[in-house]
Amino acid sequence: STPTTPSPSRTTGWIPTDTIGIESPPDRTAFFTRCAISDVSDPPVSVVIPVYDRADRVGDAIESVRDQTVDDWELILVNDGSTDDSGAVIDEYADGDARMHAYHHDENRGISAARNTGIDAATGEFVCPLDSDDRFRPEKLAHQLSYVRSLPDDYCGCYTAGVSYDAAGTRIETIRTGASGDLWPEV
């Protein structure tokens, strides 16, 4: 059957996890969204990576998910009609790990369509986006899962600040939104 887009079961607020010492380089959209209550056999989090012409970089993003300190996740990779070898790269990873699933658009539909394809396929209680040229720190999913589960049930997710590094690994910038609390009316 065709998967449907999960709808949030909680709709109140977002909490910035950078206030508790969690950082996520350099993805500026690193957040968790609570989806419809899932089957207990489903992984707690589905990481969604849309990919377009990133054969040279997507492996680093995938490895950063594989290197998480928690093992109970799924990775949804969506090739958005790439003209390079991105499709072959994500297929190779997905063939080697049952937690990874590759989907392919016949033509480029844009990052939103690719991310939505991934969200439609997600089975986790939470969805966490990762761009194909970004990476997670090894403790990111563990910290965010712990934190979001500590929130009252009327919170639907949390997000992190972004951290940018140069090629030598030196921190260039920390991105903080300054937003916290009940943001539902603002979104």
Side-chain angles (χ1 to χ4, degrees), residues 1-50 61-62 64-78 98-101 111-132 134-164 171 173-187:
S1 70
T2 304
T4 58
T5 303
S7 37
S9 60
R10 315 288 195 272
T11 56
T12 303
W14 298 85
I15 295 291
T17 56
D18 61 316
T19 62
I20 60 167
I22 300 173
E23 297 175 350
S24 177
D27 186 4
R28 295 175 190 221
T29 59
F31 58 89
F32 271 31
T33 301
R34 188 180 306 243
C35 295
I37 300 302
S38 58
D39 187 287
V40 294
S41 65
D42 292 334
V45 63
S46 299
V47 178
V48 175
I49 302 178
I62 294 168
S64 79
V65 175
R66 187 187 288 174
D67 292 343
Q68 291 299 296
T69 58
V70 295
D71 292 327
D72 196 11
W73 47 260
E74 77 172 341
L75 177 57
I76 308 296
L77 299 153
V78 182
R99 299 170 296 177
M100 298 183 192
H101 312 284
I111 192 168
S112 295
R115 198 176 310 275
N116 286 337
T117 295
I119 291 169
D120 287 347
T123 63
E125 179 182 2
F126 299 98
V127 173
C128 185
L130 175 61
D131 289 341
S132 58
D134 291 338
R135 296 175 309 282
F136 287 158
R137 288 190 175 174
E139 305 84 15
K140 182 215 178 13
L141 295 181
H143 285 302
Q144 276 197 291
L145 279 169
S146 174
Y147 186 72
V148 75
R149 286 178 172 157
S150 74
L151 296 172
D153 283 345
D154 62 345
Y155 281 85
C156 62
C158 63
Y159 62 92
T160 61
V163 180
S164 296
R171 182 184 295 218
E173 173 186 23
T174 300
I175 302 102
R176 299 194 194 288
T177 65
S180 67
D182 186 356
L183 301 181
W184 178 251
E186 296 177 26
V187 295

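The structure displayed is predicted, hence computed values, not measured ones.
Here the rule is side-chain contact (heavy atoms from CB on, under 4.5 Å) with R115, and of V78, V127, D120, D131 only D131 fits it.
Here the closest non-hydrogen pair linking P44 and R149 is CB-NH2, 3.0 Å. Across all their heavy atoms, D67 and P138 have their closest contact at O-CB, 3.7 Å. Of all the heavy atoms in A114 and P50, the pair that sits closest is CB-CB, 3.6 Å. Closest approach of W73 and R66 over heavy atoms only: CZ2-CA, 3.7 Å. Here the closest heavy-atom approach between residue T69 and residue E139 is recorded as OG1-CA, 3.9 Å. Of all non-hydrogen atoms in V48 and I119, the two that sit nearest each other are CG2-N, 4.1 Å.
Note that the OG atom of S64 and the NZ atom of K140 stand 10.0 Å from one another [nearest 0.5 Å]. Atoms NE2 and CG, from H101 and L75 in turn, are 8.5 Å apart once rounded to the nearest 0.5 Å.
In this model, a donor atom of one side chain and an acceptor atom of the other lie less than 3.5 Å apart for E74 and S46.
At least one donor-acceptor pair closer than 3.5 Å links the side chain of T117 to the backbone N or O of A113. In this structure, the side chain of S146 does not engage the main chain of H143 through any donor-acceptor pair within 3.5 Å.
In terms of the side chain to side chain contact (heavy atoms under 4.5 Å, CB included) criterion, residue partners of A61 (sequence neighbours excluded) are, by chain and number, I49, L130.
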Assess the residue pair L77 and I62 against the criterion (side-chain contact (heavy atoms from CB on, under 4.5 Å)); give the C-alpha distance rounded to whole Å, side-chain angles, the decisive distance to 0.1 Å, and a yes or no. CA-CA 9 Å; L77 299 153; I62 294 168; 3.7 Å; yes
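Within the 4.5 Å cutoff, side-chain heavy atoms of D71 are placed close to those of R99.
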